[in-house]
There are 2 protein chains.
Amino acid sequence: MLSKSSKYAIKAVLFLAIHSSEENKVIVKDIAKPTNVPQAYIAKLLQELVKAEIVTSVRGPKGGFYLNETNLGHSIMSIVNVIDGEDKLNSCMMSLEKCNEEKPCPLHFALSDSKSQILKSLRSKTIKDVVKEVKLGASFLPL
Amino acid sequence: MLSKSSKYAIKAVLFLAIHSSEENKVIVKDIAKPTNVPQAYIAKLLQELVKAEIVTSVRGPKGGFYLNETNLGHSIMSIVNVIDGEDKLNSCMMSLEKCNEEKPCPLHFALSDSKSQILKSLRSKTIKDVVKEVKLGASFLPL
DNA sequence: TCTTAAATATGATTTTTATCATACTATTTT
DNA sequence: AAAATAGTATGATAAAAATCATATTTAAGA
């Protein structure tokens, strides 16, 4: 469902949401280690997120990444869309195309409710929303 | 979530569930075309399913594949397990390991309900179950 | 202005997944 | 018994995803 890349990206963004601010930028190395993502790889993903204006970056010494208020308002879905492409998640679980009520795939009725729920959740939850929940106890590195 | 391979496998199995019987075996060519899956590829997947006793095969002329009553009782999940491996689907959506109530990942609360629903559905629905729903209108090749 | 610390750009390599090809084995039919 | 028709086994190739490496650009600070 979510590619490794999207998962990495979500992790990194949530990490920034919690640990960064304009006055407190975080450098890639310090994102890579705690999130357990290869540094060069997360760097590349972050660049895409910067281009998409989901994270903010500043170069040079004292530079790094952070999320501003606008950034925090983006949905989790928007991260996935940037990394995996727009309709990776909208595609049918069963066949390789999209299915719907009129043209349901064989697993449509078994899965579509839960699937729409997940999509809805990803679409409606902003980074900020999730951070609240994280602060209530979610951890980055479940074992 | 489901790999292309699992999707192919599910398609093929459901196709057989609908169109085959011991007296009416189906050869790979006639599975590949209507399900829109590369023939050599589905052949390979079918072999794994045969080994796992999820589909039945007979060699030689008048041979082919079919599902017997036992085969029909398997869950959709069992197909995925054979093709993608046991815990591909059980892994956490967010981090790369498994998460749970005690050690939730940041997206745990947002997604776990729907996810368990999907898993439950895949685990509990047998091939036979899904076939009933298919006969009520699902199609194999949604556009 | 030079050095240093950061992101950025680009592309090479590796690994995984998907696909294709070919030779072999089993069973039916003639 | 031979020929034909099916699955089976194995491995080669191609494409995609993930990872690694390196050079470039930008900005801060001495």
Side-chain angles (χ1 to χ4, degrees), chain A residues 1-13 16 20 22-33 35-67 71 80 82-85 88 91 95-96, chain B residues 1-13 16 20 22-33 35-67 71 80 82-85 88 91 95-96:
Chain A
M1 178 152 216
L2 299 183
S3 69
K4 227 170 171 180
S5 296
S6 306
K7 289 181 185 176
Y8 284 169
I10 295 173
K11 271 191 174 186
V13 169
L16 283 174
S20 81
E22 185 163 3
E23 308 78 45
N24 213 334
K25 309 183 191 73
V26 181
I27 66 179
V28 261
K29 181 161 58 77
D30 293 337
I31 301 174
K33 231 203 354 206
T35 54
N36 214 21
V37 176
Q39 171 167 342
Y41 197 51
I42 197 62
K44 195 174 263 186
L45 296 176
L46 281 167
Q47 284 164 40
E48 295 183 60
L49 294 169
V50 168
K51 258 187 245 156
E53 299 182 64
I54 289 174
V55 332
T56 306
S57 69
V58 176
R59 302 210 220 192
K62 296 281 165 189
F65 298 92
Y66 69 97
L67 300 196
N71 296 148
V80 177
V82 167
I83 303 298
D84 282 349
K88 178 78 174 294
S91 77
S95 72
L96 302 170
Chain B
M1 178 154 218
L2 300 182
S3 70
K4 227 170 170 180
S5 296
S6 306
K7 289 182 185 177
Y8 283 169
I10 295 172
K11 271 191 174 187
V13 169
L16 284 173
S20 80
E22 183 163 6
E23 307 79 44
N24 213 335
K25 307 183 192 73
V26 182
I27 65 180
V28 262
K29 181 160 57 76
D30 293 337
I31 300 173
K33 227 194 8 197
T35 54
N36 215 22
V37 175
Q39 173 167 342
Y41 198 50
I42 197 63
K44 194 174 266 187
L45 295 176
L46 281 167
Q47 284 163 39
E48 296 183 58
L49 294 169
V50 168
K51 258 186 245 156
E53 300 182 66
I54 289 174
V55 331
T56 306
S57 69
V58 176
R59 303 211 220 192
K62 296 281 165 190
F65 298 91
Y66 69 97
L67 300 197
N71 296 147
V80 177
V82 167
I83 302 298
D84 282 349
K88 179 80 172 290
S91 77
S95 72
L96 302 170

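When each of D84(B) and G60(B) is assigned the nucleotide of DNA chain C bearing its nearest heavy atom, the one mapping closer to the 5' terminus is D84(B). In terms of position along DNA chain D, the nucleotide closest to K29(B) lies nearer the 5' end than the nucleotide closest to the other residue of the pair K29(B) and P38(A). If you find the closest nucleotide of DNA chain D to V58(B) and to P61(A), the one lying nearer the 5' end belongs to V58(B).
Pairing each heavy atom of K11(B) with each of N36(B), the nearest pair is NZ-CB, 4.4 Å. Among all heavy-atom pairs drawn from A32(A) and I42(A), the shortest one is CB-CG2, 4.2 Å.
Look at NZ on K44(B): it is 16 Å from P on dT16(C), rounded to the nearest Å. We find that CZ of R59(A) is positioned 13 Å from C1' of dA23(D), with the value rounded to whole Å. Whole-Å rounding puts the I42(A) CD1 to dA18(D) C1' distance at 12 Å. Between the P atom of dA21(C) and the OH atom of Y41(B) lies a distance of 15 Å, rounded to the nearest Å. When the C1' atom of dT16(C) is taken as reference, atom NZ of K4(B) falls 14 Å away, rounded to whole Å. Atoms CD (Q39(A)) and P (dA21(D)) sit 11 Å apart, rounded to a whole Å. Look at CD on E48(B): it is 13 Å from C1' on dA18(C), rounded to the nearest Å. In this entry the distance linking CZ of F65(B) with P of dT5(D) reads 17 Å, nearest Å.
Atoms CD1 and OG, on I83(A) and S6(A) in that order, are 6.5 Å from each other to the nearest 0.5 Å. Taken to the nearest 0.5 Å, the NZ atom of K25(B) stands 6.5 Å off from the OH atom of Y66(B). Here the straight-line distance linking atom OG1 of T56(B) with atom CG of L49(B) works out to 11.0 Å at 0.5 Å rounding. Atom-to-atom distance recorded for K29(B):NZ and Q39(B):CD is 7.5 Å, nearest 0.5 angstrom.
Taking only side-chain nitrogens and oxygens, K62(B) never comes nearer than 4.0 Å to OP1 or OP2 of dA4(D). Residue S5(A) has no polar side-chain atom (N or O) positioned under 4.0 Å from OP1 or OP2 of dA17(D). The shortest distance between the side-chain N/O atoms of Y8(A) and the OP1/OP2 oxygens of dT19(D) is below 4.0 Å. Of the side-chain N and O atoms in S57(A), one or more sit less than 4.0 angstrom from OP1 or OP2 of dT8(C).
Nucleic acid contact for V55(B): none, since no nucleic acid atom lies under 4.0 Å from a heavy atom of the residue.
In the helix from dT1(C)-dA30(D) to dT30(C)-dA1(D), the rotation axis of the first five pairs and that of the last five pairs differ in direction by 10°, rounded to 10 degrees.
The only option from V58(B), N71(B), I27(B), V28(B) that meets the side chain to side chain contact (heavy atoms under 4.5 Å, CB included) definition with F65(B) turns out to be V28(B).
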